[in-house]
Number of protein chains: 2
Amino acid sequence: MDHQAKGTKKGRAALKADEAKVDLIAVVVAVNDSEPCLLTIGNADTLPSGPYALEHRSLQSGLRGWVEQQTGHPLGYIEQLYTFADRDRIGAERQERAISISYLALTRKEQATGSANCGWRSWYEYFPWEDHRSGTPVVLDILRPRLIEWAEGASDATTRRERRQRAAIAFGFDDRNWNEELTLQRYELLYESALIEEAGGGGDIAPAAVSGKAMIADHRRILATGIARLRSKIKYRPVVFELMRPSFTLLQLQRTVEALAGRLINKPNFRRLVEQQELVEETGETSLETGGRPAKLYRFRHAVLDDRAVAGTKLPLARA
Amino acid sequence: MDHQAKGTKKGRAALKADEAKVDLIAVVVAVNDSEPCLLTIGNADTLPSGPYALEHRSLQSGLRGWVEQQTGHPLGYIEQLYTFADRDRIGAERQERAISISYLALTRKEQATGSANCGWRSWYEYFPWEDHRSGTPVVLDILRPRLIEWAEGASDATTRRERRQRAAIAFGFDDRNWNEELTLQRYELLYESALIEEAGGGGDIAPAAVSGKAMIADHRRILATGIARLRSKIKYRPVVFELMRPSFTLLQLQRTVEALAGRLINKPNFRRLVEQQELVEETGETSLETGGRPAKLYRFRHAVLDDRAVAGTKLPLARA
DNA sequence: TCCCCTTATTGTCAGATCGAATATAATCGG
DNA sequence: CCGATTATATTCGATCTGACAATAAGGGGA
């Protein structure tokens with residue numbers, strides 16, 4: 001392998017050996033009836049994906065192409081998540097590398113042109129321990145002792161202490177607060193402790209209703225990355241509106257945020273923040289569909305996308 | 001091109017056409033004497049980089065290998081920045097794709113084993129308009145009218161208004177606050193308005209002292225991405241300590257943060273925040289090298305890496 | 001030795017923000 | 001017309017933040 005004669009990009013065109021397959025893979029999210037949903041293909045449990053090909057004008061357009069072809073669903077908002085070399089997919093027989101570039105996409109369910117081989121599933125089917133909207137989920141009562149057991153199973157005391165602490169922080173044990181952004185860390189802990197299916201069998205896997213549905217290959221890990229990113233992002237960038245209909249009530253908006261965050265928000269405070277940041281404006285109409293006093297309808301002030309564009313727009317969910 | 005028969009990852013091993021060259025590229029940062037420095041190779045203006053090769057165990061280890069080989073500098077903290085398909089590098093003659101995966105790395109200058117073909121440069125040589133530690137830099141007085149001119153040069157009124165607003169937000173015109181995190185947006189505006197060298201000549205390029213040093217290919221853009229990410233990250237994750245010596249005074253810490261952020265911080269408030277978050281602990285020693293009253297020396301409390309690990313550690317620099 | 005200059009360290013105070021709880025308004029169904 | 005239900009508006013105290021001021025501890029020169 002010639003490692004010299006490089007440093008400028010041009011010099012490298014000569015090398016031919018080091019090529020890799022590049023996959024594009026999408027976490028497509030929508031929220032329906034206060035339930036955060038994930039777009040899957042085939043017999044579910046698989047994210048839309050496909051190879052980055054010659055005819056693609058860019059990474060993003062390649063991703064859009066694959067998702068639209070596999071699900072019939074056009075994508076709006078897209079953001080890159082992470083790129084990783086997939087060790088599982090390195091063919092032992094054939095020397096080749098595989099790279100996956102993952103993206104997060106936000107849409108609305110109705111936009112689907114109803115293509116065949118795909119469907120929407122609540123992401124909490126894959127992560128039952130992530131939904132704290134009705135208080136701490138019961139599955140945590142089962143996972144906690146298992147995690148403790150795993151921590152205590154380490155050979156040396158240092159590792160034991162470290163494992164205990166990691167679990168306590170990620171899952172909010174010992175009177176710590178639940179931090180909804182730690183979705184990926186939680187997944188990794190459950191993977192390490194072999195409490196979920198992907199971990200490869202050896203361990204003492206918890207029942208499916210507790211450990212959640214598994215996904216193909218590393219897709220559940222990618223989903224965890226997407227959830228974590230989205231939960232973090234809604235706090236400082238007005239991306240929720242990508243998931244809303246053109247007009248909506250403030251409570252619908254709140255329910256959507258709560259669905260994503262997996263926790264409840266104080267109503268008056270939520271309204272105050274939304275209004276004082278001028279994220280929305282009244283349409284003038286009202287909705288009677290709520291059962292009580294009619295709710296005003298609002299629309300997103302698209303001006304803020306230019307305005308505050310990259311500045312400090314933030315939704316609540318600050319500290320617990 | 002066969003777009004069917006996929007969806008599961010396995011099905012794709014058969015495809016052979018769509019391979020791509022994968023490059024790893026590093027933005028290596030250190031802070032010396034209150035100056036944020038970038039590690040470059042060759043006759044400078046080039047970031048360390050190299051192809052992802054078969055013998056690399058992972059993307060990160062590949063990156064470490066290339067940087068160490070090209071600069072003799074071992075890397076500590078590493079974080080992925082962004083992956084992009086480089087359109088400039090798509091050979092028109094030969095049909096092939098090139099992917100670049102960029103990383104941000106933090107170290108200290110002293111760790112260099114002093115290898116040959118590399119050096120450190122202040123990143124403000126490339127971005128003179130980004131350093132606001134001594135007030136608004138004079139180069140902005142030259143760039144502002146040029147940007148306005150560019151905005152007004154648009155054909156239709158809507159584009160003009162949009163351009164004016166983007167420039168005003170990014171650069172803090174019209175009594176807006178300077179937002180140090182918008183480094184990438186500023187670079188993109190200067191690129192679009194052809195005020196910098198990379199933009200391809202056509203435009204009315206500002207003098208080098210104003211527009212900053214150019215870099216090879218898209219490296220200055222990658223650097224802008226790295227700066228933006230780092231400026232954002234120091235506010236909620238204790239990464240600054242990667243850049244500090246084992247023991248340091250609080251003022252040294254503050255100067256380092258200021259160097260990165262390109263703006264000054266209020267001293268007592270900085271100290272309050274650092275202390276109340278228990279990010280540091282006293283070593284018991286003091287430093288006399290400051291000219292005035294001796295300063296206590298502190299060390300980073302590595303416990304917080306477990307502790308707050310992913311939670312809410314934040315440094316000041318909140319709103320202006 | 002004493003004064004002054006420099007920097008470190010501690011303390012104060014008003015305004016903004018945040019979380020929680022309360023009060024009032026507008027529909028619907030009997 | 002009443003009460004159940006939900007929407008909307010207001011209030012209050014705790015906390016956080018930003019700006020400023022005051023005190024402490026060295027060194028250097030008169």
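Heavy-atom basis, side chains included; hydrogens, waters and symmetry copies ignored. Letters go in sequence order (proteins before strands), and every chain restarts at 1.
Whole-Å rounding puts the B/Asn269 CG to D/dG18 C1' distance at 5 Å. Between the CD1 atom of A/Ile265 and the C1' atom of C/dC18 there is a distance of 14 Å, given to the nearest Å.
Residues satisfying the side chain to side chain donor-acceptor pair (under 3.5 Å) test with A/Tyr298, not counting sequence neighbours, are none. Under the side chain to side chain donor-acceptor pair (under 3.5 Å) criterion, A/Arg163 pairs with no residue at all, not counting sequence neighbours. In terms of the side chain to side chain donor-acceptor pair (under 3.5 Å) criterion, residue partners of B/Arg121 (sequence neighbours excluded) are, by chain and number, B/Glu125. Taking the salt bridge (charged side-chain N to carboxylate O under 4.0 Å, His left out) definition, one finds that A/Glu285 meets it with nothing, sequence neighbours left out.
Remark: A/Lys267 is in phosphate contact with D/dA7, judged by side-chain N or O atoms under 4.0 Å from OP1 or OP2.
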Worksheet item: What is the per-nucleotide protein-contact pattern of nucleotides 22-30 of chain C, from the 5' end, where B denotes a base atom under 4.0 Å from a protein heavy atom, S denotes such proximity for sugar-phosphate atoms only, and - denotes neither?
Response: ---BBB---
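Residues A/Leu190 and A/Gln185 fail the side-chain proximity criterion, which asks for heavy atoms closer than 4.5 Å. Side-chain contact between B/Leu81 and B/Tyr103 is absent, with no heavy-atom pair separated by less than 4.5 Å. You'll find the side chain of B/Ile227 reaches within 4.5 Å of the side chain of B/Trp123, heavy atoms only.
Between the side chain of A/Asn266 and the base of C/dA21, no donor-acceptor pair of N or O atoms lies under 3.5 Å. No hydrogens or angles were tested; on distance alone, a donor-acceptor pair under 3.5 Å links the side chain of A/Arg272 to the base of C/dG19.
Using a 4.0 Å heavy-atom criterion, one finds that B/Leu250 contacts no nucleic acid atom at all.
Using a cut-off of 4.0 Å between Lys/Arg side-chain N and Asp/Glu carboxylate O, B/Glu282 and B/Arg299 are scored as not salt-bridged.
From one end of the helix from C/dT1-D/dA30 to C/dG30-D/dC1 to the other, with five pairs defining each end axis, the axis direction shifts by 10° (rounded to 10°).
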